[in-house]
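Structure first, then comments.
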Amino acid sequence: MFLPHSQDFDLKQTFGCGQCFRWNAEGDGYACVVGNCVIKARGIDGGIEIDCPDEDFVTAYFDLKRNYSRIKNAIKKDAVIQKALIGAGGIRLLKQDPWETLVSFIISANNNIPRIKKIIEALCCAFGKKIVSDGRVYYTFPEPGALAILDPSALYPARCGFRDKYIIDAARKVASGQIDLQSIRCMDADEGRSVLKQIAGVGDKVADCILLFAYQKFEVFPKDVWIKRIVGELYGVGDKGIDAFVREKFGVYGGFAQQYLFHYARG
DNA sequence: GTACAGGTTCCGT
DNA sequence: ACGGAACCTGTA
């Protein structure tokens, strides 16, 4: 699938902005296991080439139907956002699998990106399904049922630390049906957040990341330390004032603004 | 050896 | 309700 060059889609920005953890540089592009297959993406002359047999899936996953230029214009209200957009304007918000996103952001707690990626790969390698593509070996993300039967100590080789019991708690609640991840799709953000927070290790920040990156609740604005820092420094708004500030400033597009500002905050 | 990292939970006021 | 320490591990 070929996508002509657009200022609204940059692979490096999209994969590097912290919303996803399984895209890796490979050859002259990137590769990732999404669901049960390997997707590859690379920049080529005049655009982006995406290698995946299911075009409908690619369209949904990369959110290709949405007009990002229009969104960026709507939130481009001051010099701060304008500067952020210079280096981050090619970010797209990926529509990711809720279960994988849930576990990934439980792991993100008090952690850094390289180690988050390492832990997720270890879990996939140990408990996912092996697939081979172009002679390379990959692993799918483990199903809830595959983790639900385990004791937290079984995750020790993945070096999750104190998060191991949270991952198992999530797996058991999802595998048993106690938590229905699908049902969150049709809830508003506040309802969805309260359901997700029933899982140990899921607080406001982790829940908001899942709502934004898996359920496309674009008004949600996850507040991590970087965002708190940059909103404080550049807008002079304290932690407790962020929600009101964001609602007033970015309205229903808070999540997009969060990604642009976050990318900017990390240089 | 010590501090700290994209957060949550627990235990004090 | 609210603020601070602890949590597992890897890295500086």
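Lettering of chains follows the sequences in order, A, B, ..., and the numbering in each one begins at 1. The structure presented is a predicted model; accordingly, all values stated were derived computationally and were not measured. Heavy atoms only: backbone and side chains are in, while hydrogens, waters and symmetry mates are out.
Going from atom NZ of A:K197 over to atom C1' of B:dG7 covers 12 Å, rounded to whole Å. Atom CZ of A:R266 and atom P of B:dA5 are 12 Å apart (whole Å). In this structure, CZ of A:F162 is placed 8 Å from P of C:dC8, rounded to the nearest angstrom. Per the geometry, CZ belonging to A:R115 stands 10 Å off C1' belonging to C:dT11, to the nearest Å. Going from atom NZ of A:K165 over to atom C1' of B:dG7 covers 13 Å, rounded to whole Å. As a whole-Å value, the separation of A:R163 CZ from C:dG10 P is 11 Å. Atom pair A:D239:CG and B:dG7:C1' shows a separation of 13 Å (rounding to whole Å applied). A:N112 has its CG atom 10 Å from the P atom of C:dA12, to the nearest Å.
A:Y156 comes within contact range of the sugar-phosphate backbone alone, with a heavy-atom separation under 4.0 Å but no base atom that close. Looking at heavy-atom distances under 4.0 Å, A:G18 makes contact with a base. Residue contacts shown for A:R159 are limited to sugar-phosphate atoms, with no base heavy atom under 4.0 Å away. Using a 4.0 Å heavy-atom distance criterion, A:Y166 is classed as a sugar-phosphate-only contact. Nucleic acid contact class of A:D204 (heavy atoms, under 4.0 Å, all strands): sugar-phosphate only.
Cluster membership check: A:V206 shares its hydrophobic cluster with A:F218, using side-chain heavy-atom separations under 4.5 Å among Ile, Leu, Val, Met, Phe, Trp and Tyr.
Across all strands shown, C:dA12 pairs with B:dT2; the Watson-Crick or G-U wobble distances both stay below 3.5 Å.
Of the residues listed (A:L181, A:V103, A:V220, A:L196), the one engaging A:I210 in a side chain to side chain contact (heavy atoms under 4.5 Å, CB included) is A:L196, and it is the only one.
Nearest-nucleotide assignment on DNA chain C puts the 5′-proximal partner with A:K240, out of A:K240 and A:C160. Both A:I199 and A:C209 lie near DNA chain B, and the one whose nearest nucleotide falls closer to the 5' end is A:C209. Of the two residues contacting DNA chain B, namely A:V202 and A:F213, the nearest-nucleotide position lying further toward the 5' end is that of A:F213.
The gap from the P atom of C:dG10 to that of B:dT9 amounts to 23 Å, rounded to the nearest Å. Taking atom C1' on both nucleotides, B:dT8 is separated from C:dT11 by 22 Å, rounded to a whole Å.
Comment: A:D169 engages A:K173 in a salt bridge, judged by a side-chain N to carboxylate O separation of less than 4.0 angstrom. For A:D134 and A:K40, the salt-bridge test passes: some basic side-chain N is under 4.0 Å from an acidic carboxylate O.
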Practice prompt. Go through the steps to decide whether A:D78 and A:K249 satisfy the test salt bridge (Lys or Arg N to Asp or Glu O under 4.0 Å), and finish with yes or no.
Written response: CA-CA 10 Å; A:D78 58 53; A:K249 186 120 189 158; 2.7 Å; yes

